[in-house]
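Remarks on the structure that follows.
Here the structure is a predicted model, which means the values were calculated and not measured. Indexing begins at 1, ligand by ligand and atom by atom, following the structure's order. Numbers here simply count residues along the sequence, with the first being 1.
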Amino acid sequence: MKIIGLMGGVGSGKSTVADILEKKYGAHLIITDDIAKKLYEKGEEGYHRIVSYFGNEILSENGEINRKKLSEIVFADKEKLKKLNSFIHPLVMESVLDVIEEIKLANENKTKEQQVPYIVIETAILIEAGYRDLCDTVWYVAVDEEVRKQRLMNIRGYSEAKIDAILKNQMSDKDFSDNCDKILYNNGELYDLEKEIQFLLV
Ligand code: ATP
């Protein structure tokens, strides 16, 4: 089994690549955003850590964390953002390690045909949060600025200012390419992307 790490800036096509790997190649997806989201739920370890630091004022009436309020607070204060990350990132990492271990164990009792052939780790912060060491290979999904902007504006309805603000807080194209093993160019049609993936897997 091979562990593939996916990285790339906002809207570059990470989820699209992960989806192809899952549907066409039977990969098991680990999406760190989904794991993190769950940690904010009432009763979870992440929830307790966040509420004890940020206080009850970040809670909605139903006692759930008000994500909008929390993100406004950390967006305006780098130290608080660091603190929030220090609560959430280690818990996400723990959960990722557990999933990998479970799949490895399950694979041991299966025939080669039944085994999970790939685990894909999809995360916006593969390098920053230390996932690189878990991966056998890291792919950088690269896309030209204009193509990305058009897709995010047309499909997700993002404004240009919103895209620029997100990109400012992410690694640069050069940092991504310096830190990856392979680059997947996603400027074309989905068919082209599928071909590139096929090429990288052989
Ligand atoms: P985020 O950083 O927000 O998690 P992402 O890197 O996972 O985004 P995707 O969600 O895969 O990016 O892609 C962004 C948008 O562009 C999606 O709506 C997706 O359907 C579309 N898209 C991705 N690749 C292509 C392509 N080759 N052709 C057309 N649309 C595409």
Shortest non-hydrogen pair, I121 vs C135, comes out as CD1-SG, 4.2 Å
Could you label the plane-to-plane angle of the Y53 and F87 rings as parallel, tilted or perpendicular, counting under 30° as parallel and over 60° as perpendicular? perpendicular
Does a donor on one side chain and an acceptor on the other come within less than 3.5 Å for Y140 and D181? no
Those residues with a heavy-atom separation under 4.0 Å from ligand 1 are G9, V10, G11, S12, G13, K14, S15, T16, E122, R151, I155, R156, N186, G188, E189, L190
Between Y47 and Y40, does a ring pair (Phe, Tyr, Trp, His ring centres under 6.0 Å) hold up when you go through it step by step? CA-CA 5 Å; Y47 175 95; Y40 284 80; 9.2 Å; no
Could you check whether E101 pairs with K104 (Lys NZ or Arg NE/NH1/NH2 to Asp/Glu carboxylate O, under 4.0 Å)? no
Basic-acidic side-chain contact under 4.0 Å: R148, D144: no
